[in-house]
**Student:** 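Please find one structure pasted underneath; my questions will follow.
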Protein chains: 2
Amino acid sequence: MSPTAGRSRDPSRGRERAARILDAAEDLLLRHGARRVTVEDVAVGANIGKGTVYLHWETREKLFAAVFDRAVARAIAELLVAMRTRPSTCLPHHFAHDYFLAVMHRPLLRGLLLADPELLGRLARQHDPAWDERHHLVSERYFRLLAEYGVLRAELGADEVAYAFQATFEGFVRAEGELAGGENPALRSAAQPAVATLERRADLLARTVELAFENNRPVAADELRLLAADVVDLFTDLVDRRGFADLVDRRGFADRADRAELGTPAAS
Amino acid sequence: MSPTAGRSRDPSRGRERAARILDAAEDLLLRHGARRVTVEDVAVGANIGKGTVYLHWETREKLFAAVFDRAVARAIAELLVAMRTRPSTCLPHHFAHDYFLAVMHRPLLRGLLLADPELLGRLARQHDPAWDERHHLVSERYFRLLAEYGVLRAELGADEVAYAFQATFEGFVRAEGELAGGENPALRSAAQPAVATLERRADLLARTVELAFENNRPVAADELRLLAADVVDLFTDLVDRRGFADLVDRRGFADRADRAELGTPAAS
DNA sequence: TCTTTGACCAGATTTCATATCTGGTCATAC
DNA sequence: GTATGACCAGATATGAAATCTGGTCAAAGA
């Protein structure tokens, strides 16, 4: 459209544009679903040429993955803020509660976690194994940390709690899909849920996690602050590195600071 | 209802044959998956004519549903035996433990609950709403019963526990699918599970349920026996009526005793 | 008369060839 | 060195023809 007068060496320009592409993609994704969104649509939505999109992401799928990554990053960022504000948020039951709501309030993540085929097309669950691995590692470290601080029930191994927590959390997440009509689109919005509000369901999840996995012995406030700081570090690391394997600038102008943003120009 | 003379030779013959059809169908289902099994295959496997199959079930899908129904009935029957032998089995955490294992040890049910598309074809999750409703009702009554006997945590409503229990249970079930390679067939049998054995995972589920939903106050042995009897009645009712809406003989020769069997001739 | 059967048919599913669309590339303009 | 959009191969949609199979029913058998 309007070719930029004077090529810019300014890296922040690239990052800003990447964000604009992600914005456009997210908007289209939510409105039409992955199926019906073409790279050209996104380019038009971001007021750039189609080829330019490919300067930022190698493939369409990686672009969409980046959109989801950003949504995840934002959800986790929200949690991190909460943890800094109120350290107890790092305790598993608070964590589960807040993360559950953070996901359910984001249509993109709801769709991702509930594997909504309409939203995702065949993109559903095409998880990068590397991400799963990292996720698993962080989860493991999180629970090991909790164990060290004496937050968890002593009779359970950290990896066992990690497993059971994951199963429980996903059970509650999937239950949301169920009562939204999940697999069978014909059954949308059945009467009324057994437990009326989303908030209450989040509470139930939190109670379950607290009673099943946590030690009922209270943690000292300063201990809790230390733990929270460690957990924040852990998750910050997760978010920062998220998906960067193929987003790191090959020409090397993506520096440390760039890691806070996704989609820095990557083509050669 | 006494059958008119000469009308039907021997009702038990019909039931026996129905069982043979189900056996043949189950065998083929497990070996080839719903996709590849035709009604004719089943008829041949049961040594009868194709039309005869339709004297027992109106449609192919109802036949397959009956196969699954029988598997469910057998799993529940197994639980009922356990409950009579050891009344504590009716407590939610024992129940979850045993039901989890009963399902996981039955390939048909594993496939059903994990919605294995290879096994089920597009049959997956084409649940009869009536069944869901009945299931829901029984679950509700089960937890209300538990509440009355003071087994559940007092601060939670029976329906809330029912919801949370269901979510948790399904979470653990789905986790099994996950580590079997679930949705992405390419990722079959990843390394080794975080929690090594199926038994241990069942234990984790049981602990979670016990701690999260049950009152830690022990129940007197005789109280427990009464509760178990009630629960056995409840589930017996569920199993007996299972799927009978369209299996009940229209000519009326399916009597009370028939309810223990599925697939009594139903054509006009 | 009532039960059982298998040939039969409509409609569903698969196949295969053709047309269309779109992800990704690259020569060109800036 | 950066940005672009015309271009192309391969993916995907379309549709016609061939095949298969669920379900029916007239007739044979008890």
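Computed over heavy atoms, backbone and side chain alike; hydrogens, waters and symmetry mates excluded. Per chain, numbering begins at 1; letters A, B, ... match sequence-line order.
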**Student:** Which residues pass the ring-ring contact (aromatic ring centres under 6.0 Å, His included) test with Phe169(B), not counting sequence neighbours?
**Tutor:**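 ring-ring contact (aromatic ring centres under 6.0 Å, His included) list for Phe169(B), sorted by chain: Tyr99(B).
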**Student:** Roughly how many Å is it from NE2 in His56(B) to P in dT4(C), rounded to a whole number?
**Tutor:**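 My rounded result for the distance is 7 Å.
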**Student:** Between dA3(D) and Thr52(A), is there an OP1 or OP2 to side-chain N/O distance shorter than 4.0 Å?
**Tutor:**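 For dA3(D), OP1/OP2 do not have a side-chain N/O of Thr52(A) under 4.0 Å.
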**Student:** Quick test of your reading: applying side chain to side chain donor-acceptor pair (under 3.5 Å), list the pairs with at least one residue in residues 40-53 of chain B, sequence neighbours left out, ordered by first then second residue.
**Tutor:**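 Listed by first then second residue: Thr38(B)-Asp41(B).
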**Student:** I'd like a table of atom pairs between the protein and nucleotides 22-25 of chain C - only N or O on both sides, under 3.5 Å - with the distance next to each one.
**Tutor:**
from    : atom 1 : to       : atom 2 : distance (Å)
dG23(C) : OP1    : Arg60(A) : NH1    : 3.3
dG23(C) : OP2    : Val39(A) : N      : 2.8
dG23(C) : N7     : Lys50(A) : NZ     : 3.0
dG24(C) : OP2    : Tyr54(A) : OH     : 3.4
dG24(C) : OP2    : Arg60(A) : N      : 2.5
dG24(C) : N7     : Lys50(A) : NZ     : 3.1
dG24(C) : O6     : Lys50(A) : NZ     : 2.2

**Student:** Over how many whole Å does the gap from Asp41(A) atom CG to dC21(C) atom P extend?
**Tutor:**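 For the pair Asp41(A) CG and dC21(C) P, the rounded distance is 13 Å.
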**Student:** Less than 4.0 Å between a side-chain N and a carboxylate O, is that true for Glu178(B) and Arg174(B)?
**Tutor:**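 Not counted as a salt bridge, because no side-chain N and carboxylate O are separated by less than 4.0 Å.
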**Student:** Who pairs with Phe165(A) by ring-ring contact (aromatic ring centres under 6.0 Å, His included), at least two apart in sequence or on another chain?
**Tutor:**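 Phe143(A).
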**Student:** Any side chain to side chain donor-acceptor pair (under 3.5 Å) involving residues 22-33 of chain A? Give me the pairs, sequence neighbours left out, ordered by first then second residue.
**Tutor:**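 Qualifying pairs, neighbours excluded: Asp23(A)-Arg70(A), Glu26(A)-Arg70(A), Asp27(A)-Arg31(A).
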**Student:** Among residues two or more places apart or on two chains, list those pairs meeting salt bridge (charged side-chain N to carboxylate O under 4.0 Å, His left out) that have a residue in residues 100-114 of chain A.
**Tutor:**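 Passing the test, one end in residues 100-114 of chain A: Glu78(A)-Arg106(A).
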**Student:** Could you give the CD1-to-C1' distance, from Ile21(B) to dT5(C), as a whole number of Å?
**Tutor:**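 That distance rounds to 13 Å.
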**Student:** Please give, in whole Å, the distance from dT4(D) C1' to Arg17(A) CZ?
**Tutor:**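 Going from CZ in Arg17(A) over to C1' in dT4(D) covers 11 Å.
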